[in-house]
Amino acid sequence: MKDLSILRELELPNWYVAAGYVRNYIWDTLHSYPNRTPLNDIDVIYYNPDELDEEIEKKYEQKLERETGISIWSVKNQARMHIRNGDKPYKSIEDAISQWPETVTAVGIRLERDDNISIISPYGLEDLFEYRVRKSPLFKDETYYRSRINKKNWKETWPRLVIS
């Protein structure tokens, strides 16, 4: 909640903290792990087609590091990420996240002004809570998907997972 409060204060347009930050926390909880599995990064996404300078993202990362003492923040404006990914321009944050490799990774949360939590999950939450890892329907690179799954060693970390 502290991280979410800090992120909310950045006032990024249509922001979410996503991917492993959410996915790993849920899997750790479902596996009854007493401590969180270490993260490689903390993905913060937002959508602003009027501000595509990557340097702005770096400033947000530096601010988050100063405020939290955590150095693994990765802030990305999804309005420009289509260039890196070789896709057509994303129309929205929902469009961008729906193109991510796995359905269980395409999940984000944010803390609203009224302290309610909003969730973005174009493929629903069932796979996440039912330990099912599968390629997102819009992600076309099967080879990359398989390589990514093998590299992450998820099955070793969370043995209840079923990977397809």
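For clarity, every value in this text was computed on a predicted model and none was experimentally measured.
S98 places no side-chain N or O within 3.5 Å of a backbone atom of P122 that could act as its donor or acceptor partner. Between the side chain of N77 and the backbone N or O of A79 there is at least one donor-acceptor pair closer than 3.5 Å. Using modelled atom types, one side-chain atom of S5 and one backbone atom of M1 make a donor-acceptor pair closer than 3.5 Å.
Residues S147 and N150 have side chains not in contact (no heavy-atom distance under 4.5 Å, counting atoms from C-beta outward).
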Just list the side-chain donor-acceptor pairs under 3.5 Å for residues 10-25, sequence neighbours left out, or say none.
residue	atom	partner	partner atom	Å
N14	OD1	R110	NH1	2.9
Y21	OH	D3	OD2	2.7
R23	NH1	T105	OG1	2.8

Output a table of donor-acceptor pairs, distance under 3.5 Å, between side-chain atoms of residues 58-65 and any protein atom two or more places apart or on a different chain; print 'none' if there are none.
residue	atom	partner	partner atom	Å
E61	OE2	V75	N	2.9
K63	NZ	E67	OE2	3.0

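Here CG of L39 is found 9.0 Å from CD1 of I70. Values are rounded to the nearest 0.5 Å.
Partners of F139 by ring pair (Phe, Tyr, Trp, His ring centres under 6.0 Å), not counting sequence neighbours, listed by chain and number: Y144. In terms of the salt bridge (Lys or Arg N to Asp or Glu O under 4.0 Å) criterion, residue partners of E142 (sequence neighbours excluded) are, by chain and number, R146. Scored by the salt bridge (Lys or Arg N to Asp or Glu O under 4.0 Å) test, D127 finds R132, R134 as partners (sequence neighbours excluded). Scanning for side chain to side chain donor-acceptor pair (under 3.5 Å) contacts around T157 gives an empty result, with sequence neighbours left out. By the side chain to side chain donor-acceptor pair (under 3.5 Å) test, T68 is found to be paired with W73, residues two or more places apart in sequence or in another chain being considered. Every salt bridge (Lys or Arg N to Asp or Glu O under 4.0 Å) that D115 has, sequence neighbours left out, goes to R8. For the side chain to side chain contact (heavy atoms under 4.5 Å, CB included) test, residues two or more places apart in sequence or in another chain that qualify with D28 are Y33, R36, T37, W158. Looking at residues two or more places apart in sequence or on another chain, you find a ring pair (Phe, Tyr, Trp, His ring centres under 6.0 Å) between Y131 and H31. Under the side chain to side chain contact (heavy atoms under 4.5 Å, CB included) criterion, N153 pairs with E156, sequence neighbours left out. Annotation: side chain to side chain contact (heavy atoms under 4.5 Å, CB included) contacts of D53 (sequence neighbours excluded): E55, I56.
The 12-atom threshold is exceeded at NZ of K155, counting heavy atoms of other residues, nucleotides or ligands nearer than 6.0 Å.
Cluster annotation: Y123 and L161 are assigned to distinct hydrophobic clusters (Ile/Leu/Val/Met/Phe/Trp/Tyr, side-chain heavy-atom contacts under 4.5 Å, transitive).
Salt bridge absent: K76 and E54 never bring a charged side-chain N and a carboxylate O closer than 4.0 Å.
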